[in-house]
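Here is the structure we will look at, set down as structure tokens.
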Amino acid sequence: MSEDKKTPESQQETEIKEEAGTEPEKTEETTAGKKEDKKASKKDGKPDAEKKEAQSSPAEELKGANDRYLRLLAEYDNYRKRSQKEKDSLYADVKSDTVAKFLPVYDNLVRALAQSTEDEAYRKGVEMIMTQFNTTLEKLGATRIESLGQKFDPSLHNAVMHVEDEEKGENEIVEVFQEGFLMGEKVIRFAMVKVAN
């Protein structure tokens with residue numbers, strides 16, 4: 001019986017010794033790590049993000065804010081200029097498209113004036129309408145392309161016929177079938193012409 005009693009006690013003692021032997025090693029490591037963390041936090045006193053904020057001076061912050069403000073101002077100015085340019089080009093495009101829709105009326109007035117008539121009042125009325133139409137086109141900024149007797153220019157003229165004529169110059173326009181029109185630098189309609197040589 002005494003042996004049975006000693007055995008459990010000796011087992012308990014060895015277990016306590018084993019536990020006591022291993023625990024101090026673990027606690028030393030963990031306490032050493034905690035001590036280093038405490039030392040580091042005592043030295044710094046602030047986390048990394050706060051350190052960076054503390055390092056930037058008010059002058060640097062002001063410079064950064066001023067830089068952001070200037071960039072934003074430049075972006076807005078570019079946006080404003082781009083919007084104005086788009087608005088102007090849109091207006092010019094719509095105006096030139098509108099004028100182009102009225103050019104068949106101009107062509108019919110030219111044909112009416114080309115016909116001979118005995119009624120002078122009728123002819124005078126058509127001439128007045130043509131004069132008013134030309135004035136309106138000028139007010140809108142549309143100008144007629146001068147073609148007859150000029151050199152052929154593919155950016156302004158559309159050659160539909162070619163004729164050999166020794167009296168005329170090289171690539172000279174000898175006849176205009178349909179008048180061309182410009183609005184500023186933009187061609188609304190090419191002039192349909194006959195070219196010599």
Side-chain angles (χ1 to χ4, degrees), residues 56 59-197:
S56 63
E60 290 174 354
E61 289 178 14
L62 180 63
K63 185 178 177 183
N66 190 30
D67 186 47
R68 286 191 302 272
Y69 169 73
L70 290 175
R71 287 176 189 271
L72 185 65
L73 190 64
E75 285 177 18
Y76 174 72
D77 191 44
N78 290 339
Y79 165 75
R80 187 178 51 78
K81 287 177 183 175
R82 189 172 56 248
S83 297
Q84 186 62 40
K85 188 177 179 181
E86 287 173 359
K87 191 186 299 181
D88 292 343
S89 68
L90 180 66
Y91 176 71
D93 290 344
V94 169
K95 192 164 74 167
S96 64
D97 288 346
T98 304
V99 169
K101 300 277 193 244
F102 281 99
L103 291 181
V105 177
Y106 175 86
D107 295 335
N108 288 331
L109 288 171
V110 169
R111 288 185 196 104
L113 287 172
Q115 297 299 318
S116 60
T117 181
E118 294 177 5
D119 190 354
E120 286 300 317
Y122 170 76
R123 182 168 186 80
K124 182 84 169 162
V126 173
E127 286 175 354
M128 289 172 64
I129 293 170
M130 186 62 161
T131 304
Q132 187 178 15
F133 195 84
N134 283 328
T135 305
T136 304
L137 287 178
E138 286 174 15
K139 285 180 182 176
L140 290 171
T143 56
R144 202 167 49 87
I145 297 172
E146 293 297 326
S147 301
L148 194 59
Q150 303 291 321
K151 276 242 183 229
F152 174 74
D153 183 359
S155 64
L156 299 173
H157 306 111
N158 182 15
V160 293
M161 285 183 75
H162 183 266
V163 66
E164 293 293 332
D165 191 346
E166 293 176 3
E167 295 176 4
K168 302 294 181 182
E170 184 73 23
N171 286 334
E172 185 180 336
I173 297 170
V174 293
E175 190 176 346
V176 179
F177 299 113
Q178 191 177 54
E179 294 287 347
F181 285 89
L182 289 169
M183 186 169 281
E185 296 295 317
K186 183 180 179 182
V187 176
I188 299 172
R189 184 174 77 179
F190 291 92
M192 197 179 297
V193 296
K194 181 196 285 187
V195 181
N197 305 321

I need the minimum non-hydrogen distance between R123 and L113, along with the two atoms involved.
NH1-O, 3.0 Å
Shortest non-hydrogen separation from N158 to F190 and the atoms involved:
CB-CB, 4.1 Å
Point-to-point distance, once rounded to the nearest 0.5 Å, from CD of E146 to CG of L182
10.5 Å
Give me the atom names and distance for the closest heavy-atom approach of R111 to N108.
NH1-OD1, 2.8 Å
How long is the straight-line distance from CG of L103 back to OG1 of T98, given to the nearest 0.5 Å?
11.0 Å
Between K63 and E61, is there a salt bridge with N-O shorter than 4.0 Å?
no
Is the number of heavy atoms from other residues, nucleotides or ligands under 6.0 Å of F133 CZ greater than 12?
yes
Is there a donor-acceptor pair under 3.5 Å between the side chain of R189 and the backbone N or O of E179?
yes
Atom pair NE2/CD1 of H157 and I145 - distance to nearest 0.5 Å:
6.0 Å
Minimal non-hydrogen separation, A100 against P104, with atom names
O-CD, 3.6 Å
Got a sec: does the CZ of F102 have more than 12 other heavy atoms crowding it under 6.0 Å?
no
Does V110 form a side-chain contact (heavy atoms from CB on, under 4.5 Å) with Q178? I'd like the steps, not just the answer.
CA-CA 10 Å; V110 169; Q178 191 177 54; over 6 Å; no
Working to the nearest 0.5 angstrom, can you tell me the gap between T143 OG1 and I188 CD1?
7.5 Å
Please set out all donor-acceptor pairs under 3.5 angstrom arising from side-chain atoms of residues 160-174, sequence neighbours excluded.
from: D165; atom 1: OD1; to: E167; atom 2: N; distance (Å): 3.1
from: E172; atom 1: OE1; to: G169; atom 2: N; distance (Å): 2.8

Within the 3.5 Å criterion, strictly below it, is a donor on D88 or Q84 matched to an acceptor on the partner's side chain?
yes
Drop me the distance from E60's CD to L62's CG, to the nearest 0.5 angstrom.
11.0 Å
Of all the heavy-atom pairs spanning V176 and S147, show the shortest one and how long it is.
CG2-CB, 3.7 Å
Closest non-hydrogen atoms of D93 and S96, given as atom of the first, atom of the second and distance, are O-OG, 2.9 Å
I need the L73 CG to N78 CG distance, nearest 0.5 Å.
10.0 Å
Taking K101 first and then D97, would you say they form a salt bridge - that is, a charged N and a carboxylate O separated by under 4.0 Å?
no
Could you tell me whether R71 and D67 have a side-chain N and a carboxylate O separated by less than 4.0 Å?
yes
